[in-house]
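Data first, discussion second: the structure below is written as structure tokens.
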Number of protein chains: 2
Amino acid sequence: MSTSRSEKAYHHGDLRAALVSAALELLEGGGEAALSLRAVARTCGVSAMAPYRHFAGKEDLLEAVAARGFEDLAEALGTADASAAGAEALAAQGAAYVAFACRRPALFRLMFMTPCRKPDRPRAYGILEARAAALAGPAMPAEDLTLAAWSLVHGLAALILDGRIPPEAGGTGAVARRITLHLARLMAGVPEPSA
Amino acid sequence: MSTSRSEKAYHHGDLRAALVSAALELLEGGGEAALSLRAVARTCGVSAMAPYRHFAGKEDLLEAVAARGFEDLAEALGTADASAAGAEALAAQGAAYVAFACRRPALFRLMFMTPCRKPDRPRAYGILEARAAALAGPAMPAEDLTLAAWSLVHGLAALILDGRIPPEAGGTGAVARRITLHLARLMAGVPEPSA
DNA sequence: CCTGTATGTTTACACCGCATACAAGCGCAG
DNA sequence: CTGCGCTTGTATGCGGTGTAAACATACAGG
């Protein structure tokens with residue numbers, strides 16, 4: 001087999017994917033502090049400089065990891081959205097968003113910590129946007145609703161991750177669902193008050 | 001003068017405060033990457049190990065810096081709250097919160113990046129809580145309203161800082177005020193919709 | 001004055017990201 | 001098959017970091 005890769009080949013096979021996976025593992029167990037390029041290389045059984053053949057630098061690797069995280073997030077939001085209809089669907093998305101952050105805190109931090117040089121929204125944004133647009137009522141333009149919903153769940157997730165919210169509330173995700181549902185209902189069914 | 005401090009005194013006078021200030025300066029110009037214990041010490045014209053006489057380690061110093069940041073934030077929220085009444089006061093707080101984050105992004109990140117071992121809320125929380133409680137209507141319990149408002153502005157700030165929101169919207173803070181005002185009005189004046 | 005204690009300094013180590021120079025394996029003309 | 005070249009991984013080294021230990025200095029109270 002000309003393309004077979006022996007176990008101990010000098011060439012790794014596909015290091016790039018292995019590096020991203022290793023980085024993710026290190027991240028999820030041990031936090032961001034444990035994520036050093038050298039440690040990643042060590043985990044893959046490879047020299048410290050090897051990653052530089054596949055990534056421009058540490059930041060580049062982290063970007064790849066974050067991209068993978070955004071894929072996972074989009075998937076989670078998609079299935080959550082499909083699990084219900086109307087305002088409940090948006091609430092489900094909100095709960096899923098917070099749950100994702102709680103389940104993979106270090107990854108979530110990484111995803112939103114990078115100053116994000118490329119301003120393109122993650123694919124997950126589209127999923128939220130679609131649902132929010134469908135719910136937008138007279139009280140608030142669709143654009144503001146999308147932004148408000150995103151800000152709400154993102155802020156909630158961030159505060160939980162930073163330990164700013166009592167654990168019994170944050171842990172279950174009940175608060176996330178309740179608050180998002182409140183928001184969704186208010187946005188959907190309510191006319192602009194007097195002012 | 002027994003207490004006079006010569007320019008080149010061996011003892012600094014009050015290093016602790018100087019270190020915190022220096023750390024803040026380094027943080028505000030140059031981002032978090034520029035904040036190394038050694039750089040802080042250098043800025044104060046002192047050896048690299050000197051800070052350890054006043055702080056248990058880098059994390060401890062950062063905690064002190066964050067505490068100072070929370071003081072400033074509380075003050076900003078307080079004056080904003082006093083600048084208006086009713087729902088507009090909460091909107092003003094929201095705008096001030098986001099403005100604070102935009103004005104001092106690195107500090108804001110630091111304040112909410114530490115996993116926050118001591119679960120006590122910042123003093124700023126009380127200011128928001130009071131206003132939210134005063135506004136709480138039948139649509140949402142006061143506790144949820146407080147949490148929702150905080151999450152909303154915090155998430156908005158975080159998303160802006162991460163470059164996830166178009167600059168023309170985030171920069172001015174208009175979005176923050178608009179959205180928070182929407183939230184405040186909805187919470188204050190609107191009965192629970194049919195469901 | 002003499003001594004104890006708080007405060008800074010020096011030296012040292014392990015780790016990090018990264019630059020450069022080198023070696024090992026694969027693919028493809030001939 | 002042979003040999004060349006390119007990709008991939010290695011070895012070594014530099015400047016930087018956080019921090020531990022041992023040392024030096026200035027002030028305070030007897």
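Nothing here was measured: the structure is a model prediction, and the numbers come from that model. Here is how names work: the chains are called A, B, and so on, in the same order as the sequence lines, proteins then strands, and each is numbered from 1.
- Residues from residues 20-35 of chain B that place a heavy atom under 4.0 Å from any atom of DNA chain C: there are none.
- Protein atom NZ of A:K58 is 15 Å distant from nucleotide atom P of C:dC15, rounded to whole Å.
- Summarising the geometry, the separation between CZ on A:F55 and C1' on C:dG17 is reported as 16 Å, rounded to the nearest angstrom.
- Regarding A:L19, its CG atom lies at a distance of 13 Å from the P atom of C:dG17, rounded to whole Å.
- Under a cut-off of 6.0 angstrom, the local environment of CD in B:E129 is crowded, with over 12 non-hydrogen atoms contributed by other residues, nucleotides or ligands.
- Between the C1' atom of D:dG9 and the CG atom of A:L37 lies a distance of 15 Å, rounded to the nearest Å.
- In this structure, B:R53 places its CZ atom 14 Å from P of C:dT5, rounding to the nearest Å.
- Both A:H54 and B:G57 sit near DNA chain D, but only A:H54 has its closest nucleotide nearer the 5' end.
- Proximity of a side-chain donor or acceptor of A:S83 to a complementary backbone N or O of A:A80 within less than 3.5 Å is detected.
- Between A:F108 and A:Y97, the angle of the ring planes goes over 60°, which puts this pair in the perpendicular group of the 30/60° scheme.
- Residue pairs meeting the ring pair (Phe, Tyr, Trp, His ring centres under 6.0 Å) criterion with at least one partner in residues 64-84 of chain B, sequence neighbours excluded, are B:F70-B:F112.
- At a cut-off of 3.5 angstrom, counting only N and O atoms as typed in the model, there is no donor on one side facing an acceptor on the other between the side-chain of B:R38 and the base of D:dG16.
- Under the 3.5 Å distance criterion, with hydrogens and angles disregarded, no donor-acceptor pair is assigned to the side chains of A:S36 and A:R42.
- The CG atom of B:D14 sits 15 Å away from the C1' atom of C:dA6 (whole-angstrom rounding).
- Around the CD atom of A:E75, the shell of radius 6.0 Å holds no more than 12 heavy atoms that belong to other residues, nucleotides or ligands.
- Per the geometry, CG belonging to B:D60 stands 14 Å off C1' belonging to D:dG18, to the nearest Å.
- For B:Y52 and D:dT17, the OH to C1' distance is 9 Å, given to the nearest whole Å.
- Taking every heavy atom of residues 41-50 of chain B and every atom of DNA chain C, pairs under 4.0 Å involve B:V46, B:S47, B:M49, B:A50, by number.
- Counting all heavy atoms, side chain and backbone alike, A:L145 lies closest to A:A132 at CD2-O, 3.4 Å.
- When all heavy atoms of A:F100 and A:L107 are compared, the closest pair comes out as CZ-CD2, 4.1 Å.
- Of the possible donor and acceptor atoms, none in the side chain of B:R68 sits under 3.5 Å from a partner among the backbone N and O of B:L24.
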